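Taking it in order: structure first as structure tokens, then the write-up.
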Amino acid sequence: MPSSISNSNYKKNNWWLSWLLVVSLLLLSIGSYEYILTKNGFKPSIELNKDLWSWNRKTIQNNPDVIALIGASRIQLGLDTTTLRKRLPDKDVVALAINGQYPMATLKSLAEDETFNGLVIMSFMAQMLEPQYIEMQSEYNQYYAHQSSLYLSFDAKLTAMFKSKFRFLHPLLGFYDVVNNFSTKKAFPEPFYTSVHADTSAVGDYSLVDVEPLKQHFIEDKKRNYQEYKIMNKTTWLVQLDKLAHDIRAIQTRGGEVVLVRFPTDDEHWLLDQAYYPRAQFWDVMVDTIPLIHAIHFKDDDVLNSFELPDSSHLDQTDTMAFTLRLIAMLKDIQLIE
Amino acid sequence: MLFNSLTFLLFFTWVIAVHYAPIKWSLKKGHLLLASYVFYAAWNPPFVLLLWLSTLVDWQVAKKINQQQRNKRKYWLWLSLSINLGMLLVFKYADFLLANFQLLLNYFGINLVFAEPGLILPMGISFFTFQTLSYTLDVYYKRLKPWHGFWDYALFVSFFPQLVAGPIVRAKSFLPQLIKQTQVGINQFSIGITFFIIGLFQKMVMADSFFAPIVNQVFENHATIDTASSWLGALFFSGQIFCDFSGYSLCAIGLAMCLGFVLPINFRSPFAAIGFSDLWQRWHISLSSWLRDYLYIPLGGNRSGNFKRYRNLMITMLLGGLWHGAAWTFVLWGALHGSYLVLEQLFKQSKFVQNMKPKVWVDFVMWLSTFMAVMLAFVVFRAIDLSQAWDIISAMFSFTDNSINAVTVVKQDTWLLLVCVSFLLMMLSQWMMRNRHLSDVVDQSHAVIRAVFITFALLLISLSTGNSNAFIYFQF
């Protein structure tokens, strides 16, 4: 009898059994959850933060083969970094775009960084040079310059790589979000139409959303945004262009290059852009004023102008490869890449 | 390096791999020391110099104290106190002291403006300076002989699991553990890992995901807060700070266990305390015992009558409050706890209490009063200034009539219900664990129940990774 008691105690208290069960239960629960999420159209995604951005920013130093992608959501969702890497194997493609923030502060920081001598592809539109938008990305740049550390950046990169493999680690599928969704909508969250990759580039899968209301929302939002302030006058535009030219020249002096790309907006959105920032008064003046500038406008190219933009402002994931290939071809044409 | 980071998991896997490799114990200790410096340097490499300075000074001073006669011993002790407390003064209190000195001058009509030193506070400086000081003080009071090996001593100062947020370890209990390697069995290793997981659960799920967002909302909207929200803010901050700090301590103890070291327990169900003396034997035990042994008792303790006893209690708690940070809110927090302890002593000495027979309802009233007083003090602790603290406390007790402007800050939804349930479960678990050791409970649980609990904790941790912040006690 004593031996049976001791046996049962051993079983009850066996740590090996506990760990075996933990691993099995974890694999089973995470595996099932991951399977359900996959079946329901969820994709892995990460969250861009300052440490991860700082990691990317650090990697572009002292590397003439680097292609830095800067801008906001249009370039983040519009360029397929996998295609870029595949087609340009000698280049190091680094995504520095920040959703919802215009990139002038990043361009300035690259211009002031003596170690940067790569190629910058910048998503550009006239509104970005409005004085109130100039500093939009400066918080990220200040953080990179003064607060980032190798450990924090490395950890952010490692976490991003890990999270980019699993759907259940989606930043919008946290415990709070799921509970909140159940409580308010009595349902599990719907799949999200944008996903951010480990390299901080992103894709938009517009088949997952009702695009018409989204499009109207974007257009209304843009209209409100344009109506909120007075568009800069010609003098301010020229002053701002001078600053832009100065930053571009600084990069060019070190052997680097900058190409400004006007990403597409669809008809209704474009009309709005044209009403507030007419191309002839802004874009064309810029091209004439800065002689060594490389600028690509989507309206000047039939292919770039041919894409349908589901929300009026961003490319769908099915189009990004074609768009990227066309852009590569154009960059080759103007001999910015080989 | 943060425990709640993937880099730390890689780092610890490496440390464990080397620690259990078939190499000499002295090499393993050297590796642990190096790993500890890497751990600290990950945050800000130049500040490792401070750690080295503190280590070297107290190593030399302790040796000198041991070699000298009476008076000279004192000089060496003063040297150690000056350097260690000087470092704290410069890095932690310089801004606060200058700002208050400036205010004082302004009060007397002298308008001088000092530039703010704006120094970065080295992580965990209050912890490692207190640890090295305890070594010197123990040698001074002849409770300890100076240790024979410098590298052992350096590892005692910088041992990474407890380096930046405690528990504050005493040389007497840690250094002997370095003489030879302890064999770690599956039980000890598993309990260590389980402690680490429970610690992470407390930090990432309870503190960061459940309590912190509501607490932040309440304190941000302090000026127009409604009564219910202010109570929730106060209650949940008590939960947040406990889970945050106890979580870190538990992680540290667990990691050390995996490496074969025993660190002192730092929290023992503090919210189940009945009375304030009981509280301080349960909350941040390594600090309260440090303050008792190296401040309260040297001041005279309770040996010279009631007045001096109360005075010593107040001084100890005021300095204990200031140890947490350079702000008047921390001083007031310390003063409140000092007053609580004095009032408790007065209460205990009254004939009414002495004639009272132990009863359940008395314990309940005592527990409730203790918890309420601790919670109110935590409002002061969390507030950025005294007026914010006053706003919250006023709203709690409706001192000011802000019924017109009051805003229901905390949304009453399913999430709030869940957080309330979690808070109640946390309180219940403290009562259930009041006189028990977590290691016993973990080790004696049924293998299946234990596995289910660990899995549940890991799942919630992985679903809460988006909300993690640095541990609150790092700033101290």
Side-chain angles (χ1 to χ4, degrees), chain A residues 8-30 32-34 45-47 49 51 146-163 166-186, chain B residues 1-2 4-11 38-39 41-45 120 185-191 193-194 197 204-205 208-210 213 411 413-419 442-468 470:
Chain A
S8 88
N9 274 344
Y10 176 73
K11 269 184 195 163
K12 271 185 192 169
N13 198 24
N14 188 344
W15 273 104
W16 290 111
L17 178 65
S18 286
W19 291 121
L20 186 71
L21 277 171
V22 168
V23 173
S24 314
L25 286 170
L26 272 179
L27 286 177
L28 190 72
S29 45
I30 291 176
S32 319
Y33 190 33
E34 193 70 8
S45 182
I46 62 135
E47 210 167 18
N49 58 45
D51 290 311
H146 304 296
Q147 282 170 273
S148 73
S149 70
L150 179 63
Y151 156 65
L152 289 173
S153 303
F154 173 75
D155 190 61
K157 182 68 185 170
L158 195 67
T159 308
M161 284 164 66
F162 187 68
K163 285 189 171 182
F166 299 101
R167 287 161 182 81
F168 80 100
L169 295 175
H170 194 293
L172 296 174
L173 281 179
F175 192 45
Y176 172 80
D177 304 290
V178 173
V179 170
N180 211 26
N181 219 76
F182 265 117
S183 140
T184 53
K185 297 179 185 161
K186 312 282 177 232
Chain B
M1 216 179 277
L2 296 168
N4 50 338
S5 68
L6 281 181
T7 311
F8 178 77
L9 291 185
L10 285 184
F11 166 85
V38 169
F39 176 89
W43 164 69
N44 197 335
I120 302 171
I186 175 72
N187 273 35
Q188 183 176 341
F189 195 87
S190 298
I191 294 170
I193 294 286
T194 309
I197 293 169
M204 295 170 74
V205 180
D208 288 352
S209 296
F210 287 178
K411 219 164 86 182
D413 55 9
T414 315
W415 181 254
L416 178 63
L417 184 69
L418 191 78
V419 178
V442 168
D443 195 36
Q444 286 157 15
S445 303
H446 194 286
V448 178
I449 295 170
R450 199 162 52 197
V452 171
F453 176 78
I454 293 172
T455 310
F456 176 73
L458 285 172
L459 284 175
L460 280 188
I461 288 169
S462 62
L463 292 176
S464 308
T465 49
N467 313 314
S468 283

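None of the values given here were measured: they were computed from a predicted structure. First the proteins, then the strands, lettered A, B, ... as listed; each starts at 1.
When Val205(B), Leu459(B), Leu10(B) are compared by the number of non-hydrogen pairs under 4.5 Å with chain A, Leu459(B) comes out ahead. The choice from Thr194(B), Ile186(B), Val452(B) that makes the most heavy-atom pairs within less than 4.5 Å of chain A is Ile186(B). Among Leu21(A), Leu152(A), Val22(A), the residue with the largest count of heavy-atom pairs under 4.5 Å with chain B is Val22(A).
There is no contact between Phe182(A) and chain B, counting heavy-atom distances below 4.5 Å. Of the atoms belonging to Phe189(B), not a single heavy atom falls under 4.5 Å from chain A. Heavy atoms closer than 4.5 Å to chain A are found nowhere in Leu416(B), neither backbone nor side chain. With a threshold of 4.5 angstrom between heavy atoms, Asp413(B) approaches chain A through side-chain atoms but not through N, CA, C or O. Both the backbone and the side chain of Asp155(A) come within less than 4.5 Å of a heavy atom in chain B. With a 4.5 Å cut-off on non-hydrogen atoms, Val38(B) does not touch chain A at all. For Leu25(A), the parts lying under 4.5 angstrom from a heavy atom of chain B are both the backbone and the side chain. Proximity to chain B (any heavy atom under 4.5 Å) is restricted, for Leu173(A), to the backbone atoms N, CA, C and O. When heavy atoms are compared at a cutoff of 4.5 Å, Ile449(B) does not approach chain A at all. For Phe166(A), no part sits under 4.5 Å from any heavy atom of chain B, backbone or side chain. Neither the backbone nor the side chain of Asn44(B) comes within less than 4.5 Å of any heavy atom in chain A.
Under the side-chain hydrogen bond (donor to acceptor under 3.5 Å, both in side chains) criterion, Ser183(A) pairs with Thr414(B), not counting sequence neighbours. With sequence neighbours excluded, no residue forms a side-chain hydrogen bond (donor to acceptor under 3.5 Å, both in side chains) with Thr159(A).
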> Should Phe210(B) and Tyr176(A) be marked as a side chain to side chain contact (heavy atoms under 4.5 Å, CB included) after you check the CA-CA gap, both sets of side-chain angles, and the distance that decides it?
Replying inline: CA-CA 8 Å; Phe210(B) 287 178; Tyr176(A) 172 80; over 6 Å; no
>> Apply side chain to side chain contact (heavy atoms under 4.5 Å, CB included) to residues Ile46(A) and Phe162(A) and explain how you reach the verdict.
In response: CA-CA 9 Å; Ile46(A) 62 135; Phe162(A) 187 68; over 6 Å; no
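Looking at heavy atoms from C-beta onward, Ser190(B) lies in side-chain contact with Trp19(A) at the 4.5 angstrom threshold. No side-chain heavy atom of Tyr151(A) sits under 4.5 Å from any side-chain heavy atom of Phe39(B). A 4.5 Å side-chain heavy-atom check between Arg450(B) and Trp15(A) finds at least one atom pair inside the cut-off.
Of the possible donor and acceptor atoms, none in the side chain of Ser148(A) sits under 3.5 Å from a partner among the backbone N and O of Asp51(A). Between the side chain of Ser18(A) and the backbone N or O of Ala447(B) there is at least one donor-acceptor pair closer than 3.5 Å.
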